[in-house]
Amino acid sequence: ESDTALKSHKNCTVGEGKFLVHWKTVTATFKVAIERYDVWIGNEQFTEETLTIEGDEGKATYNPDTNTLTLDNFTYSDTEWGASGIFSGIPLNIVLNGENSIDVASYPEFPEDGNVGIFSVCSIAFSGSGSLYINADYYGIISEEDIMFDGAEVAVDAYDCICAWG
């Protein structure tokens, strides 16, 4: 038996705990997984230890219980080729508070070789009383499922503004 709960995951950190092995108590070092969520801001992934990511201005906060990403006066820019402002591998609710922006335009020779503002392999639902401006090369927002808007103001400047395959 163990007095420390273990989770299995390929991305781990080191921890310590006491274990009862047959009739002896042994103190051992072991790996404890940090839960990682399939939601990213640029190259930074949300985890159980990192639920808020600071932008150039403002912040983005992720709530794993509701799959909600809240942008609070959030500004993100990355003009390196291959950049994506937000990536999600899960259905995602995005709540907009204040004025938010994502600028990932790198201005390649051909727009289809360029960056994407928001990419999701699942549905995206925008809500909130705020706004979001996206400046990107190819797609402003692309989803392999539905993209829904409820009260949120979203403006996109890109070769293909918004595309949903759902």
Could you tabulate the donor-acceptor pairs under 3.5 Å formed by side-chain atoms of residues 86-97, not counting sequence neighbours?
unit_1, atom_1, unit_2, atom_2, d
S88, OG, I90, N, 3.2
S88, OG, I90, O, 2.7
N93, ND2, T66, O, 3.0
N97, ND2, D72, OD1, 2.8

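- When all heavy atoms of A164 and E145 are compared, the closest pair comes out as CB-O, 3.3 Å.
- Take S106 and apply the side-chain contact (heavy atoms from CB on, under 4.5 Å) test, not counting sequence neighbours, and it matches W81, P108, N115, D137.
- Between the side chain of N73 and the backbone N or O of E99 there is at least one donor-acceptor pair closer than 3.5 Å.
- Tracing side-chain contacts under 4.5 Å through hydrophobic residues (I, L, V, M, F, W, Y), one reaches L69 starting from V156; they form part of the same cluster.
- Minimum interatomic distance between A136 and G117 (heavy atoms only, all atoms of both residues): CB-N, 3.7 Å.
- Between atom CD1 of residue I102 and atom CD1 of residue I41 there is a gap of 6.5 Å, rounded to the nearest 0.5 Å.
- A donor-acceptor contact shorter than 3.5 Å is absent between the side chain of S101 and the backbone of Y133.
- Across every non-hydrogen atom of N43 and W40, the tightest pair is O-CZ3, 3.5 Å.
- Under a hydrophobic-cluster definition in which Ile, Leu, Val, Met, Phe, Trp and Tyr are linked whenever side-chain heavy atoms come within less than 4.5 Å, directly or via other members, Y159 and I141 are assigned to different clusters.
- Shortest non-hydrogen contact noted between F74 and I53 is CE1-O, 4.0 Å.
- Here the straight-line distance linking atom CD of E48 with atom CZ of R36 works out to 9.0 Å at 0.5 Å rounding.
- For E153, the side-chain contact (heavy atoms from CB on, under 4.5 Å) partners are S131, not counting sequence neighbours.
- Residues Y76 and D103 are not in side-chain contact: their nearest non-hydrogen atoms beyond the backbone lie 4.5 Å or more apart.
- Linking Ile, Leu, Val, Met, Phe, Trp and Tyr whenever their side-chain heavy atoms come within less than 4.5 Å puts I147 and V104 in one cluster.
- Residues D150 and M148 are not in side-chain contact: their nearest non-hydrogen atoms beyond the backbone lie 4.5 Å or more apart.
- Distance OG1/T52 to NZ/K59: 6.0 Å, rounded to 0.5 Å.
- The two residues N63 and D65 come nearest to each other via the heavy atoms OD1-N, 2.8 Å.
- Cluster annotation: L132 is connected to V39 through the hydrophobic network of ILVMFWY side chains, with a link wherever side-chain heavy atoms come within less than 4.5 Å.
- Checking side-chain atoms of Q45 against main-chain N and O of Y37 turns up a donor-acceptor pair under 3.5 Å.
- Two residues are said to be in side-chain contact when any heavy atoms from C-beta on lie closer than 4.5 Å; E44 and T50 meet this criterion.
- Residues meeting the ring-ring contact (aromatic ring centres under 6.0 Å, His included) test with F46, sequence neighbours left out: Y62.
- Residues forming a side-chain contact (heavy atoms from CB on, under 4.5 Å) with E57 (at least two apart in sequence, or on another chain): T75.
- Criterion: ILVMFWY side-chain heavy atoms under 4.5 Å apart, direct or through other members. Under it, V154 and I124 are part of a common hydrophobic cluster.
- Residues that satisfy the side chain to side chain donor-acceptor pair (under 3.5 Å) test with S129, not counting sequence neighbours, are absent from this structure.
- The shortest heavy-atom contact between C122 and S143 is O-OG, 2.7 Å.
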